[in-house]
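Reviewing the structure listed below.
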Amino acid sequence: MILFDKDTQTFRMDTPSSTYCISICNKGYIGHAYYGSRIGKDDVTYLTRFKEYGFSDSPVFREKHSFLDFFPQEYPTDGMGDFRESALAVTDSDGHNGIELKYKSHKITGGAIALEGLPAVFGNKEDCSTLEITASDEILDVEVTLVYTVFEKIDAIVRSVKIKNCSRNCVFVKKALSASFDIDDDNFDVITLHGSWARERHIERRPVHMGKQGVLSMRGESSHQEHPFIALLDHNADFNSGRVWGVNFIYSGNFVADVQKNQFDSIRLVMGINPENFCWKLNAGCTFESPQAVLVYSETGLNGMSRAFHELYREHLIRSPYKKSARPVLINNWEATYFNFDTEKLLDIAREAAKDGIEMLVMDDGWFGKRNSDNCSLGDWVVNEEKIKGGLKHLVDEVNKLGLKFGIWFEPEMISPDSDLYRAHPDWAIQIPGREPGMSRQQLVLDITRKEVRDYAYESVAKILRSANIEYVKWDMNRQLSDIGSKNLAADQTGEFYHRYVLALYEMQERLITEFPKLLLENCSGGGARFDPGMFFYSPQIWCSDDTDALERLAIQEGTALIYPLSTMGAHVSVCPNHAVGRVTPFRTRGYVALSGTFGYELDITKLAPEERSQIPHQIELYKKYSDLVRNGDYQRILSWSDGRDADCWASLSKDRKSALVTFVQVLNHPNYKTRFIKVQDLKEDSKYRVSFPNENRNDWPDQILTGRTLAKAGFALRRDWGDFQAKLIYIEEI
């Protein structure tokens with residue numbers, strides 16, 4: 001709900017549990033008044049402290065610098081005296097830096113607003129409403145519209161910005177962040193996600209200190225290393241209690257997320273496109289739109305924040321027809337064969353997979369050009385019929401005859417120097433003239449900001465998909481951007497490249513799902529380097545990490561599930577010793593961990609040990625039985641191994657609270673140790689529940705009958721006598 005009080009000149013935005021207030025103060029400054037738990041409908045203009053530091057109705061503004069360096073601007077600007085982190089920086093055609101925004105007008109409408117060329121949340125007037133506050137700089141003749149979409153049933157507010165050049169001269173936008181708000185420090189911590197290839201999105205929590213702290217990417221993608229998410233939270237906040245402010249970015253390129261504590265113990269949080277190497281030439285009459293930032297407030301700890309993000313993305317960002325349906329259980333041949341396969345090998349895998357109930361075969365890298373290693377052929381998307389004997393359609397038809405669907409891997413944005421495409425069009429690779437471009441995985445990146453290149457890359461994929469009954473695509477991207485140069489851009493537009501690249505990527509994927517609306521698209525970038533909400537607009541799932549080790553996946557999937565629904569996490573069972581870390585874990589544990597994702601297999605089933613092979617049909621049975629609950633239920637974190645504990649535990653609760661699925665992994669065992677009690681929150685307090693162990697001998701693991709209140713306060717009993725890396729699945733059902 002959005003209200004405007006004309007008397008106090010205050011906007012009030014309410015979600016079920018939060019209130020966000022903006023006040024227009026004297027001289028037209030737009031101030032951030034409040035964001036937190038729901039409050040009364042009072043005059044909150046005093047919360048901006050607008051009368052302090054020389055601010056008055058006097059025509060002489062004696063202490064403007066002191067005021068601007070203290071006042072909580074709703075959208076702070078650069079160059080005018082607020083020396084804290086800015087959200088907007090503009091240089092005029094004469095080279096002067098500075099922009100100052102004053103309120104001009106506003107409007108409130110029902111529903112959400114689409115963004116041109118960018119992913120965006122959607123919703124009708126029953127779901128949400130949108131506030132647009134237009135401010136202007138009269139000297140530059142530039143208008144800035146602050147856009148807020150407020151959801152009725154979710155504690156989420158989505159922000160973006162439109163910048164319009166109303167003058168006759170061009171201006172250069174050097175910084176255009178999507179969100180900013182100020183809050184007094186109250187002994188807060190900050191949470192960010194960090195990692196690297198094969199260990200993405202590990203949670204880091206630390207106290208807020210003076211100065212700036214945050215995360216960023218300058219790699220052309222959201223990255224393995226840091227993630228477009230940041231949260232402020234009470235120092236004593238935990239999974240189920242305490243205040244949390246979480247911010248996530250619906251974007252797949254360079255970003256920055258910062259928390260800055262200043263001289264007055266005030267905190268400013270900002271999120272948006274990374275201004276490093278960014279400069280957008282805004283010609284007269286043109287508009288620049290920023291991507292959306294999602295703000296979530298929870299007064300019920302981290303689990304409350306997670307549920308709000310999950311619900312928003314499931315209901316108002318993911319568009320795929322698969323978003324609420326079970327995904328086919330697939331087997332991918334990458335770790336089974338790498339590049340060493342042919343039609344018969346793939347059909348051998350498919351025949352054995354079909355016997356155990358697997359539903360799809362995915363052919364990974366190595367099927368095209370002369371691709372027998374990762375040194376060549378990217379860009380040459382022509383079937384290698386020395387490997388795929390009889391052609392691709394023959395292979396797909398044979399797989400379909402076995403009762404399996406067929407999927408395929410692409411890396412459409414890449415080009416190998418050793419390829420027919422590069423020999424024909426060397427200028428199609430991103431490069432700086434006169435410099436030898438840097439290699440990564442012996443490959444370069446296509447300049448898809450150029451239409452002819454973008455069209456070629458798209459048609460290469462589409463032509464293959466039109467040729468056979470292909471129902472799944474894994475879209476990969478195995479290197480970051482560097483050596484930025486493009487024949488498509490003038491010298492004063494080179495700072496636009498990174499953003500234009502992301503827009504081109506979005507355009508290609510929009511074309512793909514439009515032409516092939518039933519396609520299951522899974523995004524990937526060397527594993528999880530593009531696991532961001534921008535990609536959810538096009539694909540309902542993303543490969544979570546190239547590391548499929550069950551133990552490593554605990555930390556990776558915990559950090560991912562902090563923001564994203566379990567249904568979005570590509571998760572597979574692989575062989576041991578694990579190909580990434582060499583660890584040996586029980587096949588059952590690998591299955592349980594993968595069940596909290598899209599679930600599939602990454603192995604050569606024809607070589608699997610009989611004792612492991614025999615578990616596959618039962619794992620698939622468990623997946624089909626519980627996938628609705630995992631996919632659509634409310635996520636609840638119970639224990640965190642990454643937080644220094646000896647075990648990991650999480651749950652999925654049905655919306656009606658009639659059932660829950662709990663997964664427990666005993667990472668480190670202890671001799672002669674007591675029974676553990678696992679507490680599950682948010683069930684119906686007065687209802688009775690049966691707690692059962694569906695994959696265990698009932699005589700050894702008997703059912704427990706407990707009320708929801710007891711489960712929350714005391715917990716159910718879980719014996720500790722079964723060793724390292726062992727796991728249990730627990731089903732809780734109302735009786």
Side-chain angles (χ1 to χ4, degrees), residues 328-356 358-412 414 416 418-420 441-443 460-461 463-465 467-476 478 520 522 524 526-527 543 546-548 570 572-580 600-609 612-613 616:
V329 178
L330 64 82
I331 186 166
N332 185 298
N333 76 298
W334 178 242
E335 289 191 16
T337 66
Y338 294 101
F339 294 102
N340 186 26
F341 65 87
D342 59 16
T343 294
E344 281 310 308
K345 178 59 181 176
L346 294 176
L347 289 177
D348 284 346
I349 292 173
R351 291 184 192 103
E352 296 304 308
K355 294 176 184 178
D356 290 340
I358 293 172
E359 300 167 310
M360 176 183 283
L361 174 72
V362 175
M363 180 174 64
D364 212 284
D365 193 357
W367 56 267
F368 55 93
K370 299 177 182 178
R371 184 80 163 172
N372 294 308
S373 72
D374 59 7
N375 293 319
C376 68
S377 297
L378 288 171
D380 297 343
W381 300 107
V382 178
V383 175
N384 180 348
E385 296 200 14
E386 293 181 8
K387 281 186 174 183
I388 311 304
K389 298 177 178 65
L392 181 60
K393 188 177 188 306
H394 167 71
L395 171 62
V396 174
D397 289 346
E398 291 301 306
V399 170
N400 289 165
K401 288 176 185 177
L402 295 169
L404 273 66
K405 300 174 185 292
F406 187 87
I408 195 168
W409 176 96
F410 287 97
E411 198 171 3
M414 297 296 145
S416 298
D418 183 6
S419 67
D420 293 340
R441 205 170 179 256
Q442 192 63 25
Q443 61 194 64
S460 296
V461 174
K463 184 178 180 180
I464 294 293
L465 297 184
S467 72
N469 184 30
I470 299 170
E471 300 180 64
Y472 163 104
V473 163
K474 182 178 180 181
W475 182 305
D476 209 344
N478 276 304
L520 174 55
E522 178 168 6
C524 175
W543 184 229
D546 278 348
D547 192 338
T548 54
H572 293 173
V573 180
S574 61
V575 297
C576 283
N578 179 266
H579 287 204
Y601 293 88
E602 191 93 13
L603 46 76
D604 188 345
I605 195 171
T606 69
K607 298 179 180 178
L608 203 59
E612 295 186 336
R613 172 80 183 267
I616 289 178

Worksheet item: Once you round to the nearest 0.5 Å, how far does CG of Asp546 lie from CG of Asp476?
Response: 7.5 Å
Fill in: Distance in Å, Ile470 CD1 paired with Leu392 CG, rounded so as to fall on 0.5 Å steps
4.5 Å
Discussion item. The test is side-chain contact (heavy atoms from CB on, under 4.5 Å); show your working for Arg613 and Glu352 and say whether it passes.
Written reply: CA-CA 10 Å; Arg613 172 80 183 267; Glu352 296 304 308; 3.0 Å; yes
Worksheet item: Would you say Asn375 has more than 12 foreign heavy atoms packed within less than 6.0 Å of its CG?
Response: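 Yes, the 6.0 Å shell around CG holds more than 12 heavy atoms from other groups.
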Discussion item. Under the criterion side-chain contact (heavy atoms from CB on, under 4.5 Å), I'd like the reasoning laid out for Arg371 against Ser416: C-alpha separation, chi angles, the key distance, then a yes or no.
Written reply: CA-CA 10 Å; Arg371 184 80 163 172; Ser416 298; 4.2 Å; yes
Worksheet item: Ignoring hydrogens and geometry, is there a side-chain-to-backbone donor-acceptor pair from Asn332 to Trp334 under 3.5 Å?
Response: yes
Worksheet entry | Main-chain N/O of Val382 paired with Asp380 side-chain donor or acceptor, under 3.5 Å |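 Pair absent, no side-chain N/O of Asp380 close to backbone of Val382.
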Worksheet item: Between Lys345 and Asp348, is there a side-chain N and carboxylate O pair less than 4.0 Å apart?
Response: no
Worksheet item: Charged N to carboxylate O below 4.0 Å: is that the case for Lys393 and Asp397?
Response: yes
Practice prompt. Indicate whether the side chain of Thr548 and that of Asn578 have a donor and an acceptor atom separated by less than 3.5 Å.
Written response: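 Present: a donor and an acceptor within the cut-off.
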Worksheet entry | Heavy-atom check, side chain of Phe368 versus side chain of Ile388, under 4.5 Å |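 No, their side chains stay 4.5 Å or more apart.
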Discussion item. Is the shortest side-chain heavy-atom distance between Phe339 and Asp374 below 4.5 Å?
Written reply: yes
